[in-house]
Protein chains: 2
Amino acid sequence: MASQTVPQATAERLPLYYRTLQQLVANGKTRISSSKFGELVQIDSTTIRKDFSYFGALGRKGYGYDTQYLMDFLKKTLYQDELNRVILIGVGHLGTALLNHNFLKNNNTQIVRAYDVDPKKIGTKVSGTKVFAMDELAANDHHEIVAAILTVPAAQAQEAAEKALASGIRGFLNFSPTTLNLPENAYVRHVDMTVELQALIYFLNHSMETKNS
Amino acid sequence: MASQTVPQATAERLPLYYRTLQQLVANGKTRISSSKFGELVQIDSTTIRKDFSYFGALGRKGYGYDTQYLMDFLKKTLYQDELNRVILIGVGHLGTALLNHNFLKNNNTQIVRAYDVDPKKIGTKVSGTKVFAMDELAANDHHEIVAAILTVPAAQAQEAAEKALASGIRGFLNFSPTTLNLPENAYVRHVDMTVELQALIYFLNHSMETKNS
DNA sequence: ATTCATTTGTTCTTTATTTCACAATCCTTA
DNA sequence: TAAGGATTGTGAAATAAAGAACAAATGAAT
Ligand SMILES: NC(=O)c1ccc[n+]([C@@H]2O[C@H](COP(=O)([O-])OP(=O)(O)OC[C@H]3O[C@@H](n4cnc5c(N)ncnc54)[C@H](O)[C@@H]3O)[C@@H](O)[C@H]2O)c1
Ligand SMILES: NC(=O)c1ccc[n+]([C@@H]2O[C@H](COP(=O)([O-])OP(=O)(O)OC[C@H]3O[C@@H](n4cnc5c(N)ncnc54)[C@H](O)[C@@H]3O)[C@@H](O)[C@H]2O)c1
């Protein structure tokens, strides 16, 4: 199957391609060449053509790509043609911001439940999403939930992830600054803002050195 | 200089190494081997030794690495021995969460000012940080500011980045789901949660396929 | 002091990703 | 319908990153 031959680097670019195509279609563009598309996403046009080629011939020589067709193809490929249900654990500053955000609705992903340990938060609704106690997470059978968003303090992240895993969740988007230790069948993506900020500062300082020397 | 030979992939791992060493030192561990360290950060021990070797001989054969020494070394290498001042543009849900967060204090990085267009927010303080009007950003000389955190709506991100750039800021941590078009001397890191979530869903579905087939 | 176990630093190999270059193909227009 | 221009899809080459293997060096134990 395609899944075995699509490089990881390619797969990680697909969401960006998808979003950019959504914008093009919304703006009424019906066709685009790999070079124009490359300028938009700031990726070399060869890389884009090769990325698409892993899925077969999606374009037409001498013409380019049909935006609507390509968008629909990526929508299916990224499983965005069905609703993806996720939960959120840790309704603090960051968790509340995520609950208030609408990117989940725009992209066929929805936070269906939130969980916390704070009695003051349990039972309330944040932006329409109910907050439950952690016990209810452990008790539930979550086979229809694709992933858990972790926005708990670092010290509690491992414990929270294990509870979600025990309830049947295998996917994690971890915002805590800590490495999770989970079995092989779990899949974690780590959004680590401390790391990003430090990497930014490192590269800024080093690009200066390169220019001065 | 080292800056020209350190691979990008290595540089991006340094913040994770640094944070993990901080924890080890805090827990009283004085030494660690590359293999033990590798388990902690979930990276192959060879990769870790190779990463460190770009900076010279940081360990001792038959002994391992001195945690305090290595931590101090990375602290300097990552410019965490001096205060890094940043600004934040867009005091909305996400911006407020970031302002409330303390990761900036822990890591010698500080949001010194915030900017917004909303008259209701201008002049207020969020978690001790003053909110200014965008005009004041344009007027300022920001040579002592290393970076701007962008938490404005996607449609306003380019404009906000250009204003910051005009005031002398070259580094950007962009949380908006849009690609920024900036000159070469600017450096952008993109934290894109929509992309992360879609990539997570993609890999989850594909790891299932691999197992079933 | 000598032996032995440990662990680094590094060379060499393998794998992954990007980029080059161009024939094949399709659109467009006259 | 034929010619010319545009643009894809893809092998082959180049670059980057990760991993295996091991000699060299050190620490610890006796
Ligand atoms: N706020 C930010 O902007 C920001 C930025 C970067 C990283 N982070 C990380 O995101 C995480 C959350 O940050 P925050 O600022 O929202 O913190 P917060 O303290 O505001 O919120 C944490 C929430 O988790 C809940 N919680 C604590 N232990 C729990 C447990 N065992 N199970 C379930 N819920 C539990 C708390 O009741 C609280 O509601 C932290 O790991 C932080 O480092 C936050
Ligand atoms: N909230 C989240 O959890 C979340 C998650 C992922 C991505 N994002 C992205 O982060 C960005 C901010 O999200 P949010 O939920 O905080 O939105 P928000 O609407 O709550 O906040 C946006 C803020 O930016 C200000 N603003 C608008 N135009 C501006 C301009 N030209 N200059 C300066 N300030 C301006 C607004 O006044 C507002 O305070 C968006 O791009 C969003 O897609 C947010």
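Chain identifiers are assigned alphabetically (A, B, ...) following the order of the sequence lines, protein sequences preceding nucleic acid strands; residue numbering begins at 1 within each chain.
- Listed for the Asn174(A) side chain is a donor-acceptor partner under 3.5 Å among the backbone atoms of Ser176(A).
- Atoms CD1 (Ile32(A)) and P (dA6(D)) sit 17 Å apart, rounded to a whole Å.
- What separates CG of Asp51(B) from C1' of dA18(D) is a distance of 10 Å, to the nearest Å.
- Residues meeting the salt bridge (Lys or Arg N to Asp or Glu O under 4.0 Å) test with Arg13(A), sequence neighbours left out: Asp51(A).
- In this structure, Ser34(A) reaches the sugar-phosphate backbone alone: every heavy-atom distance under 4.0 Å involves primed, P, OP1 or OP2 atoms, never a base.
- Shown for residues 21-28 of chain B: no residue has heavy atoms falling under 4.0 angstrom of DNA chain D.
- With hydrogens and angles disregarded, a donor-acceptor distance shorter than 3.5 Å links the side chain of Thr109(B) to the backbone of Asn107(B).
- No donor-acceptor pair closer than 3.5 Å links the side chain of Ser34(A) to the backbone N or O of Arg49(A).
- Ring-centre distance between Phe172(A) and Tyr187(A): not below the 6.0 Å cut-off.
- Note: Thr20(A) OG1 to Ile43(A) CD1 = 8.5 Å, rounded to the nearest 0.5 Å.
- The CZ-P distance, from Phe37(A) to dT8(D), rounds to 12 Å in whole Å.
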Protein heavy-atom contacts under 4.0 Å, written 5' to 3' over nucleotides 20-30 of chain D as B (base), S (sugar-phosphate only) or - (none), form the string BB--BBBSS--

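- With respect to the salt-bridge test (charged N to carboxylate O, under 4.0 angstrom), the residues Arg170(A) and Glu184(A) do not qualify.
- Classification of the Tyr115(A)-Phe132(A) ring pair by plane angle, with boundaries at 30° and 60°, yields tilted.
- As a whole-Å value, the separation of Phe52(A) CZ from dG9(D) P is 9 Å.
- Note on residues 151-160 of chain A: pairs passing salt bridge (charged side-chain N to carboxylate O under 4.0 Å, His left out), not counting sequence neighbours, are Glu159(A)-Lys163(A).
- Rounded to whole angstrom, the span from the CD1 atom of Ile43(B) across to the P atom of dA18(D) amounts to 9 Å.
- No engagement by Ile48(A) is indicated, since no non-hydrogen atom pair under 4.0 Å with the nucleic acid exists.
- The phosphate of dT18(C) (OP1 or OP2) has no side-chain N or O of Thr47(A) nearer than 4.0 angstrom.
- By the 30° and 60° cut-offs, the orientation of the rings of Phe52(A) relative to Phe37(A) is tilted.
- Taking for each of Ala57(B) and Arg13(A) the nucleotide of DNA chain C with the nearest heavy atom, the 5'-most of the two is the partner of Ala57(B).
- The distance from atom CE of Met193(A) to atom CG of Leu98(B), rounded to the nearest 0.5 Å, is 6.0 Å.
- At the phosphate of dC26(C), neither OP1 nor OP2 sits under 4.0 Å from any side-chain N or O atom of Tyr65(A).
- For the pair Ser35(B) and dT7(C), the criterion of a side-chain N or O lying under 4.0 Å from OP1 or OP2 is not met.
- Pairs engaging residues 64-83 of chain B under the salt bridge (charged side-chain N to carboxylate O under 4.0 Å, His left out) rule: none recorded [sequence neighbours left out].
- One can place CD of Gln8(B) at 7 Å from P of dA17(D), the figure rounded to the nearest angstrom.
- Within residues 66-74 of chain A, no residue is approached by DNA chain D to less than 4.0 Å at the level of any non-hydrogen atom.
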